[in-house]
Amino acid sequence: MKSEGRLVTVGTANVDELGFFCYLSKRKSEGYQRKLRWLKDRFAEGMKIKMILEAGRPVGFIEYIPGDWTWRAVRAEGYAVVHCMWVVGRWKKKGYGRRLVDACVRDARKQGLAGVAMVTSSSTWLAGNDLLLKRGFGPVDRAPPTFELLVKRFGDAPLPSFPTDWDKRMARYGRGLTVVRTDQCPYVEAAVGIIADTAGQRGIDTNVVELRSSKDVQSKAPSAYGVFNVVYDGELLSYRYLVRKEVLQHLDRRMT
């Protein structure tokens with residue numbers, strides 16, 4: 001028998017109670033609190049979070065925002081842009097991913113937007129393409145190293161796209177190790193700490209640059225993911241959370 005979770009909308013009135021799905025077991029952590037403050041500012045810009053609850057427990061969510069305000073390095077004015085979508089382990093394959101995507105699409109139509117866009121990747125924790133392709137999305141652009149932009153367009157508005165100046169974006173951070181961060185993801189705080197501490201073991205200082213607005217992310221982020229990037233000597237080292245062993249491996253390869 002298929003489980004029927006309850007779909008709820010998270011906003012200013014209930015985010016303190018319901019949270020935003022991630023890091024719920026660490027509500028007092030700096031990463032959670034920074035994301036919570038960031039999120040409360042985003043609601044005024046049209047940010048939406050929809051969660052599926054099973055017995056009052058969140059088991060899946062989708063976070064999206066109008067493209068003018070997106071914290072991804074994409075050009076998507078007039079579209080809704082999905083930042084994140086996730087369904088927890090044993091709750092997968094119950095149709096919850098489909099329900100979340102469809103809820104976002106319905107909302108975008110209701111708002112009179114041109115469609116919905118999402119940055120995907122086959123090699124990270126970001127959502128892959130399969131579900132979106134089944135829901136009528138199609139690929140419209142690619143960005144290095146493995147990013148793809150999928151879009152469900154409602155009419156004939158110009159399609160969203162990635163920027164093309166990635167080398168210039170990375171070069172702006174100069175020599176050495178730089179972490180480019182935001183508060184969009186609550187895991188970033190811990191990730192920055194791991195990188196800084198581990199790099200210090202190799203005698204390498206870490207420069208942390210915080211992008212404080214959606215426009216900064218859209219124009220300055222060195223990868224399409226936008227909200228967390230590690231740049232070393234003008235090259236993209238990573239755009240995902242790294243454990244200490246991975247940090248050492250990346251650094252050692254570039255120091256030899």
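A pairwise comparison of heavy atoms in T164 and R75 identifies N-NH2, 4.4 Å as the closest pair. Between V82 and I62, the closest heavy-atom pair is CG1-CG1, 3.8 Å. A pairwise comparison of heavy atoms in L100 and G60 identifies CD1-C, 4.0 Å as the closest pair. Nearest heavy-atom pair across P222 and V231 is CG-CG2, 3.8 Å. Closest of all the heavy-atom pairs between K50 and A103 is CD-CB, 3.7 Å. Contact record, V217 with G226: CG1-CA, 3.9 Å, taken as the closest heavy-atom pair.
D165 contributes atom CG, which lies 9.5 Å from atom CZ of R172 (distance to the nearest 0.5 angstrom). Distance check, rounded to the nearest 0.5 Å: OG1 of T70 to CD of E45 gives 10.5 Å. For the atom pair CZ (R34) and OG (S29), the distance works out to 11.0 Å, reported to the nearest 0.5 Å. The distance from the NZ atom of K40 to the CZ atom of F20 is 10.5 Å, given to the nearest 0.5 Å. Atom CE of M51 and atom CZ of R6 lie 9.5 Å apart (nearest 0.5 Å). For the atom pair Y79 OH and F154 CZ, the distance stands at 9.0 Å (nearest 0.5 Å).
A donor-acceptor pair shorter than 3.5 Å can be found between the side chains of Y239 and T146. Judged by distance alone, the side chains of N229 and S223 do bring a donor and an acceptor atom under 3.5 Å apart.
Looking only at side-chain heavy atoms (C-beta outward), V88 and R90 stay at 4.5 Å or farther from each other. Using a 4.5 Å cut-off on side-chain heavy atoms (C-beta onward), V188 and C185 make contact. You'll find the side chain of V209 stays beyond 4.5 Å of the side chain of V179, heavy atoms only. Side-chain contact check for E63 versus Q184: some heavy-atom pair is nearer than 4.5 Å. Put simply, the side chain of L131 reaches to within 4.5 Å of the side chain of V101, judged on heavy atoms.
Two rings, from Y241 and F228, have their centers 6.0 Å or more apart.
Within 6.0 Å of CH2 in W69 there are 12 or fewer heavy atoms belonging to other residues, nucleotides or ligands. Heavy-atom neighbours of E235 CD from other residues, nucleotides or ligands within 6.0 Å: at or below the threshold of 12. The neighbour count for D197 CG, taken as heavy atoms of other residues, nucleotides or ligands under 6.0 Å away, is above 12. The neighbour count for K168 NZ, taken as heavy atoms of other residues, nucleotides or ligands under 6.0 Å away, does not exceed 12. Within 6.0 Å of CZ on R244 lie more than 12 heavy atoms contributed by other residues, nucleotides or ligands.
Grouping the Ile, Leu, Val, Met, Phe, Trp and Tyr side chains by contacts below 4.5 angstrom, directly or via other members, places M170 with V208. Cluster annotation: W71 and F43 are assigned to the same hydrophobic cluster (Ile/Leu/Val/Met/Phe/Trp/Tyr, side-chain heavy-atom contacts under 4.5 Å, transitive). In the hydrophobic cluster analysis, where Ile, Leu, Val, Met, Phe, Trp and Tyr join through side-chain heavy atoms closer than 4.5 angstrom, V74 is grouped together with V105. When the side chains of ILVMFWY residues are joined at heavy-atom separations under 4.5 Å, either directly or via intervening members, V180 and L237 end up in a single hydrophobic cluster. Note: the hydrophobic cluster containing Y225 also contains W86 (ILVMFWY, side chain heavy atoms under 4.5 Å, direct or indirect links).
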Report task. Determine, step by step, whether K220 and D216 satisfy the salt bridge (Lys or Arg N to Asp or Glu O under 4.0 Å) criterion, reporting the C-alpha distance in whole Å, the side-chain angles of both residues, the deciding distance to 0.1 Å, and the verdict. Result -> CA-CA 5 Å; K220 299 176 183 178; D216 278 349; 3.5 Å; yes
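Looking only at distances, no side-chain donor or acceptor of R175 sits under 3.5 Å from a matching main-chain atom of D233. No donor-acceptor distance shorter than 3.5 angstrom exists from the side chain of Y232 to the backbone of L251, with no hydrogens or angles considered. At least one donor-acceptor pair under 3.5 Å links the side chain of N14 to the backbone N or O of T9. Remark: the backbone N or O of L149 is not paired with any side-chain donor or acceptor of D141 at under 3.5 angstrom. Q201 contributes no side-chain N or O that, together with a main-chain N or O of L248, makes up a donor-acceptor pair within less than 3.5 Å. Between the side chain of R153 and the backbone N or O of P158 there is no donor-acceptor pair closer than 3.5 Å.
Counting only residues at least two apart or on different chains, the ring-ring contact (aromatic ring centres under 6.0 Å, His included) pairs with a member in residues 173-200 are Y23-Y187.
Between D252 and R202, at least one side-chain N (NZ, or NE/NH1/NH2) sits under 4.0 Å from a carboxylate O, which counts as a salt bridge. Between R181 and E189 there is a salt bridge, since a side-chain N of the basic residue sits under 4.0 Å from a carboxylate O of the acidic one. Using a 4.0 Å cut-off between charged side-chain N and carboxylate O, R240 and E246 make a salt bridge. Looking at E30 and K35, no side-chain N of the basic residue comes within less than 4.0 Å of a carboxylate O on the acidic one, giving no salt bridge. A salt bridge does not link D183 with R37: none of the charged nitrogens is closer than 4.0 Å to a carboxylate oxygen.
Each of K152, K134, R135 was compared with D102 under the salt bridge (Lys or Arg N to Asp or Glu O under 4.0 Å) criterion, and only R135 meets it.
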